[in-house]
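Below is one structure, written out as structure tokens; comments come after it.
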Amino acid sequence: SHGIERNPGQVIGYLNRAGAWVELGKAEAARGGDARSPYDRALAALDEALRRNPRFSAAYVNRAEVHRRVGDAEALRGGDPRACYQQALADDEAAFRINPALWQARASQGTILEALGDFPRAVQAYQAALELCPGHPQIRQLLERAQLQADQERTAPPVWIAQFAAADQAIARGDYPVARDLIQDA
């Protein structure tokens, strides 16, 4: 905060501020609370960074992450997360247009496409990220998961698809007992 006040043109300060708000939002979500306010503040900081420097690709990737988290929270409340996920995809695409070597944007797109249930496109996004950052273990793991989900989608009855998608969301929020129950019921 003090860095922004001393040099308001320093957009990295807004990125750091957004990161702090995201961490507060994650902590609030982990406690089962409403993370919307910290995420809204993170979005405001990232919007300001982009207003000051519209070519700041890292701000787009970070804003995509916040939109995805807001979408995840909306889904947990039983709402429709698609608008948030679409905004996240648009931000990742903007980051990639600015910096075509930005593997983080492609990996982020894979995560969002998985949340949307579009596993074939998630596989493509992770493959593109691996081409830009070969051997990255986390991307490889995400790719393998998306490939497995895409394969299951082709062979599994529709009920199983919904069960596994719900289990993935439970795992993402750290609710392992619920995930186990969903998988056992599938």
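Worth saying up front: this structure is predicted, and the values here are computed from it rather than measured. These values consider heavy atoms only, across backbone and side chains, with no hydrogens, waters or symmetry-generated copies.
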Close side-chain approach of [X] and [Y], heavy atoms under 4.5 Å:
X: Asp151; Y: Phe119; value: no
X: Asp47; Y: Arg63; value: yes
X: Val11; Y: Leu15; value: no
X: Tyr85; Y: Asp118; value: no

**OP:** Ignoring hydrogens and angles, state whether a donor on the side chain of Asp91 or Gln87 is under 3.5 Å from an acceptor on the partner side chain.
**Re:**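 There is such a pair between these side chains.
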Subject >> Contacts of type side chain to side chain donor-acceptor pair (under 3.5 Å), residue Glu93, not counting sequence neighbours >> reply: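 Only Arg106, Gln109 meet the side chain to side chain donor-acceptor pair (under 3.5 Å) criterion with Glu93.
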So which heavy atom on [X] is nearest to which on [Y], and how close?
X: Ala42; Y: Val66; result: CB-CG2, 4.1 Å
X: Pro54; Y: Ile98; result: O-CD1, 3.6 Å
X: Ala129; Y: Ala107; result: CB-N, 3.7 Å
X: Ala75; Y: Pro81; result: CB-CG, 3.9 Å
X: Val22; Y: Tyr39; result: O-CE2, 3.7 Å
X: Ala146; Y: Ala122; result: CB-CB, 4.2 Å

N-O pairing of [X] and [Y] below 4.0 Å:
X: Glu144; Y: Arg140; value: no
X: Asp72; Y: Arg68; value: yes
X: Asp34; Y: Arg36; value: no

**OP:** Could you give me the CA-CA distance, side-chain angles and deciding distance for Leu113 and Leu89, then say whether side chain to side chain contact (heavy atoms under 4.5 Å, CB included) is met?
**Re:** CA-CA 8 Å; Leu113 290 164; Leu89 288 172; 4.1 Å; yes
Original post:
Any chance CZ of Arg173 has more than 12 other-residue heavy atoms, nucleotides or ligands included, within less than 6.0 Å?
Top reply: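 More than 12 within 6.0 Å, yes.
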Original post:
Heavy-atom count around Arg82 CZ within 6.0 Å, excluding the residue itself: above 12?
Top reply: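 No, because the 6.0 Å sphere around CZ of Arg82 holds 12 heavy atoms or fewer from other groups.
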Subject >> Partner residues of Trp21 under the ring-ring contact (aromatic ring centres under 6.0 Å, His included) criterion, sequence neighbours left out >> reply: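 Listed in chain order: nothing, the list is empty.
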Subject >> Reference residue Tyr126; test side-chain contact (heavy atoms from CB on, under 4.5 Å); the match among Gln141, Arg121, Arg145 >> reply: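 When Gln141, Arg121, Arg145 are each tested with Tyr126, the side-chain contact (heavy atoms from CB on, under 4.5 Å) holds only for Arg145.
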Original post:
Linking I/L/V/M/F/W/Y whenever any side-chain heavy atoms sit under 4.5 Å apart, do Ile112 and Leu43 land together?
Top reply: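 No, Ile112 does not connect to Leu43 through the hydrophobic network.
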**OP:** Show your working on side chain to side chain contact (heavy atoms under 4.5 Å, CB included) between Leu130 and Gln127 and close with a plain yes or no.
**Re:** CA-CA 5 Å; Leu130 272 176; Gln127 287 171 333; 5.7 Å; no
**OP:** Check the pair Tyr60 / Asp92 against side chain to side chain contact (heavy atoms under 4.5 Å, CB included), numbers first and verdict last.
**Re:** CA-CA 6 Å; Tyr60 282 107; Asp92 280 329; over 6 Å; no
